[in-house]
Amino acid sequence: MLTLKLPDGSTKQVPPGTRPRQVAEGIGKRLAQAAVAAKVNGEIVDLERELNDGELSFQILTEKDAEALTVLRHSCAHVMARAVMRLFPGAQLAFGPALENGFYYDIDSDPPIREEDFPRIEAEMKKIVAAAEPFERFERGTPEARALVFDMKQGYKVEHIDEELSKFPSLSFYRQGEFIDLCRGPHIPHAGKIGAFKLLSIAGAYWKNDDSRKQLQRLYGTCFFSQKDLDTYLHQLEEAKKRDHRVLGKQLRLFTISQQVGSGLILWMPKGATIRGILESFIKDELMKRGYQPVYTPHIGRLELYRTSGHFPYYRDAQFPPMYFNYIAGALDLIHYRLSAGELDADKEKQFQEWLDLAGYAAPFYRAAKTTEEKLERVHESALKLIDGIGINIPKYHEAKTHAERAAALNDWLKEQEGYLLKPMNCPHHIQIYKAEPRSYRDLPVRLAEFGTVYRFEQTGELSGMTRVRGFTQDDAHLFVTPEQIEVEVGANVDLVLFVLSSLGLNDYRVRIGTRDPESNKYVGDPADWEKAEQTLIDLVAARKMNYSVEKGEAAFYGPKIDFVVRDCIGREWQLGTVQLDYNLPKRFELEYVGADNRTHRPVMIHRAPFGSMERFMGILIEHFAGAFPLWLAPEQVRICPVSERFSDYGKKVEAELRASGLRVTGDYRPEKINYKLREASLEKVPYMVIVGEKEQTAGTVSVRDRALGEGKEAELGAMPVAELSSRLQKEIQERRIRQVSTASAGLSDTSAKFSD
RNA sequence: GCUGCUGUAGCUCAAUGGUAGAGCGCCACCUUGGUAAGGUGGAGGUUCUGGGUUCAAAUCCCAGCAGCAGCUCCA
């Protein structure tokens, strides 16, 4: 006999080999009908799985359990794949997992699946659901399993077994009618459990997320136990899209992006700039209190600076091209880059070919070149033509035998050319300020702060509103500290980030500690330093009782970091605040301070930005407040709405008084009806509306409407003297009171265990 | 960068290969009002750009640019 411990605390004895379905039937008919899967010792299993171990915790999962929905969605992915296999014979299946809000299946099909195919795929799925056939699990020894998927002509499954699953003695499959899929499970008992589903989108995704592998089609869908739940979800999704910062930014005239200026470059309009200015003052005040010193540095710096820091040319592809004074240097720079890379992938090849065409050099030969070596040879010939044709003297280039040597020769020459780079980071500039004077241990920590604008050439596919841009301003600072000061300073900065986030009511974030991946050679520095630094960060966060996850391989190349990650209205994650430890740049720039022992020591750097970037922070904030900023941030705090033009003069007098008290006020003196003016002010998310008419003018008061209270009568605060309104608002501003945040989350931000509440 | 979708008035969107439209906004006039849309009229277009097919292209084809979704990337 084996013992089952049920959720209500009771126990049940059943013979070995009993299935969860039978247990459910033993408890009650309704439970058996509602059963979707079972949770045994924390593991979710099929209802038909035989129970074998001695003492088990046991729970039947029904529609009410969130975990059941995950099982349902995974099964729905199978149903979708089955429908696709019927309509697209020969389609190859890859992976098809459940997601937080749905599921996908990666499919390789010829002809490709298109969005216009969705209706017939959905129709086929409907048939499968209506048939309500069971999901049947069976196992095969791994060699037989491989033979089975091979016979089914499922190449990706074969590859997956060969690459990762061959270490297991046996593998499980699920059969549903004619459809068999290699799958770990678990699944719902039969397809009829799927109450409502919908295909949502299709997009490319690389096989095993590896961009050197084939790109497959990822079919996204979602499903629920009931049509009502699906409708609710789709409605929430629509609501969430309404607070998209790209939509609100346009509607509320906060920012714009002009193709004339360029992709990914934000133009802050007056209202957006007002909010940003307030945020900047807010953080500046905090920094002054915390011993920071302001600095200003330029937007560009010499290439040599970034060669030393390692940013150039290491992040070459992520930067705007360098600016050389010598017009030929740009071309040789490109050639150097290609030669030093030692290979040319398809993109670089295309880019280089275009350049050759433009320059009129050797393009036909290059085009005909097949191997990397041949191509590099053509690159080399172009360099020779340039060097000899223009008459530049680089003797070492002609003597060089290999492409690597040639690259080095070019690099030597390039280093002598004056060139500049749009700064990709502020640290090299701040480092120069640190180095501008000798430093004693008594001076440390040195904390240099700047709203520093940096430029990074993000790939086109990455650009997104304000959250992923090519030019942005970090609320940056660099701390130069002794090793002993690390803990206190990092801690103080974690507290600063927490203070900033809580000041804005941004509570839905997660904390990520990025550590190095010891397998990777991306990271520089002493492993012992890394160990210590990583542990310091973990201890700090743990001591503050924060939810966090340690993520290997997420560190910066120079040190581990603590990131504060939030989600946007459609569930994408963005890093905002960050605190990073750096042992690398102090070495590269040979930073020093004189210690108490009168010997020189190397400081440690802390990079940190509580907001991250002003652009991204603003984007997230717009969505967080759905455009309805709290009073202290609202670009327009009060709008005067006279009942008719007869009261414009009184309105203007009130406007002037309120403005004199420091409030941001406007007046609507158009010959429109009061309803119309109030509607418009509400839609523009002005927090307070002031109505002035006959009564107010006579009594010397104003009637106030509070947008946060609603749309009808409930929003009326009644009449009060101007002074009273003014002091009331001043108080709200001073407290930086937050009265409403967006709730239109589409269930996208409150279901993940990673996020704290 | 890759895959797919999209690009029409300031905004949101219509328009079988056959004269480019609506609502909102804007301007003018009428209306002067009491807490979320008063009325009438008017202006506003290189249908993203460049090629091509066709008697004829917003519409079909090709290329480019841009946006959206996802993947890869993110110092």
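Chain identifiers are assigned alphabetically (A, B, ...) following the order of the sequence lines, protein sequences preceding nucleic acid strands; residue numbering begins at 1 within each chain.
A tilted orientation is assigned to the rings of A:Tyr306 and A:His429, their planes being inclined by 30° to 60°. Taking the six-membered ring where the residue is Trp, A:His478 and A:His430 present perpendicular rings, their angle passing 60° and hence far from 30°. Ring planes of A:Tyr455 and A:His299: tilted class, angle from 30 to 60°.
At a threshold of 4.0 angstrom between heavy atoms, the contacts of A:Arg213 with the nucleic acid are absent. Among the heavy atoms of the strands lying under 4.0 Å from A:Arg572 are primed sugar atoms or P, OP1, OP2 only; no base atom is included. Note on A:Glu462: a base of the nucleic acid sits closer than 4.0 angstrom, heavy atoms only. Residue contacts for A:Tyr104: at a heavy-atom cut-off of 4.0 Å it reaches no nucleic acid atom on any strand shown. Nucleic acid contact for A:Arg468: base, since at least one base atom lies under 4.0 Å from a heavy atom of the residue. Within 4.0 Å of A:Gln474, counting heavy atoms only, lies no atom of the nucleic acid at all. Within the 4.0 angstrom heavy-atom criterion, base atoms lie near A:Arg456. Backbone-only engagement by A:Asn209 is indicated by non-hydrogen atom pairs under 4.0 Å involving sugar-phosphate atoms exclusively.
Nucleotide B:rU53 forms a pair with no other nucleotide shown, judged by Watson-Crick or G-U wobble geometry with both contacts under 3.5 Å. In this entry B:rC68 has B:rG4 as its Watson-Crick or G-U wobble partner, both defining distances falling under 3.5 Å. Under the Watson-Crick and G-U wobble criteria, each requiring two contacts below 3.5 Å, nucleotide B:rG45 is left unpaired. Both distances falling under 3.5 Å, in either a Watson-Crick or a G-U wobble arrangement, place B:rG10 opposite B:rC24. Base pairing annotation: B:rG33 forms no Watson-Crick or G-U wobble pair, as no partner gives both donor-acceptor distances under 3.5 Å.
Side-chain N/O atoms of A:Arg218 include none lying less than 4.0 angstrom from OP1 or OP2 on B:rU3. Listed pair A:Ser201 / B:rC5 fails the phosphate criterion, with no side-chain N or O lying under 4.0 Å from OP1 or OP2. One finds a side-chain N or O of A:Arg646 lying less than 4.0 angstrom from the OP1 or OP2 phosphate oxygen of B:rG33.
Salt-bridge annotation for A:Arg516 and A:Glu554: absent, with no side-chain N of the basic residue lying under 4.0 Å from a carboxylate O of the acidic one. Comment: A:Glu696 does not engage A:Lys653 in a salt bridge, judged by the lack of any side-chain N to carboxylate O separation of less than 4.0 angstrom. Classification of A:Glu100 and A:Arg567 as a salt-bridged pair holds, one side-chain N sitting under 4.0 Å from a carboxylate O.
The interatomic distance linking A:Phe320 (CZ) with B:rA75 (P) rounds to 17 Å, in whole Å. Going from atom CD of A:Glu684 over to atom C1' of B:rG25 covers 11 Å, rounded to whole Å. As a whole-Å value, the separation of A:Glu116 CD from B:rU3 P is 18 Å. Rounded to whole angstrom, the span from the CD atom of A:Gln260 across to the C1' atom of B:rU49 amounts to 12 Å. Atom P of nucleotide B:rU12 and atom CD of A:Gln251 are separated by 9 Å, given to the nearest angstrom. When rounded to the nearest whole Å, the span between CD of A:Gln459 and P of B:rG67 equals 14 Å. Between the CD atom of A:Glu115 and the P atom of B:rG4 there is a distance of 12 Å, rounded to whole Å. In this structure, A:Glu458 atom CD and B:rU72 atom C1' are separated by 13 Å, rounded to whole Å.
In the set B:rA75, B:rC71, B:rU32, B:rA75 carries the atom at the smallest distance from any side-chain atom of A:Lys561. For A:Tyr220, taking side-chain heavy atoms from C-beta onward, the closest of the listed nucleotides B:rC68, B:rC71, B:rA66 is B:rC71. Checking B:rU12, B:rG70, B:rG67 against the side-chain heavy atoms of A:Ile570 singles out B:rG70 as nearest. Side-chain proximity of A:Phe557 to B:rC74, B:rA75, B:rU72: nearest is B:rA75. Considering only the side chain of A:Asp211, B:rU72 comes nearest among B:rA69, B:rU72, B:rG34.
Going from the P atom of B:rU6 to that of B:rU59 covers 14 Å, rounded to whole Å. Between the P atoms of B:rA75 and B:rG17, the separation comes to 48 Å (whole Å). Annotation: B:rA15 and B:rU19 have their C1' atoms spaced 13 Å apart (nearest Å). Spacing between B:rG42 and B:rC2 at atom P, rounded to whole Å, works out to 49 Å. Taking the C1' atoms as reference points, B:rC68 lies 25 Å from B:rG25, given to the whole Å. With both ends at atom C1', the span from B:rA14 to B:rU8 equals 9 Å, rounded to whole Å. A distance of about 11 Å separates the P atoms of B:rG45 and B:rA9, rounded to the whole Å. B:rG51 sits 38 Å from B:rC27 when the P atoms are compared, rounded to a whole Å.
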Reading nucleotides 35-45 of chain B from 5' to 3' and marking B where a protein heavy atom lies under 4.0 Å of the base, S where only the sugar-phosphate is that close, and - otherwise, the string is BBBS-------
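When each of A:Phe118, A:Phe197, A:Tyr104 is tested with A:Tyr220 by the rule ring pair (Phe, Tyr, Trp, His ring centres under 6.0 Å), just one qualifies, namely A:Tyr104. With respect to A:Asp106, the salt bridge (charged side-chain N to carboxylate O under 4.0 Å, His left out) criterion is satisfied by exactly one of A:Arg213, A:Lys208, A:Arg218, A:Lys214: A:Arg218.
Place A:Tyr558 and A:Val643 on RNA chain B by their nearest nucleotides, and A:Val643 ends up nearer the 5' end. Both A:Ala205 and A:Phe457 sit near RNA chain B, but only A:Ala205 has its closest nucleotide nearer the 5' end.
Of the inter-residue distances, the one linking A:Asp110 atom CG with A:Gln217 atom CD reads 9.5 Å to the nearest 0.5 angstrom.
Between A:Tyr523 and A:Phe557, the distance from one ring center to the other does not fall under 6.0 angstrom. With ring centers used as reference points, A:Trp207 lies under 6.0 Å from A:Phe95.
For B:rU3, its base never sits under 3.5 Å from the side chain of A:Gln217 at any donor and acceptor pair. The base of B:rG70 does not come close enough to the side chain of A:Tyr206 for any donor and acceptor atom to sit less than 3.5 Å apart. Contact of A:Gln215 with B:rC2 (side chain to base): a donor-acceptor pair of N or O atoms is detected under 3.5 Å.
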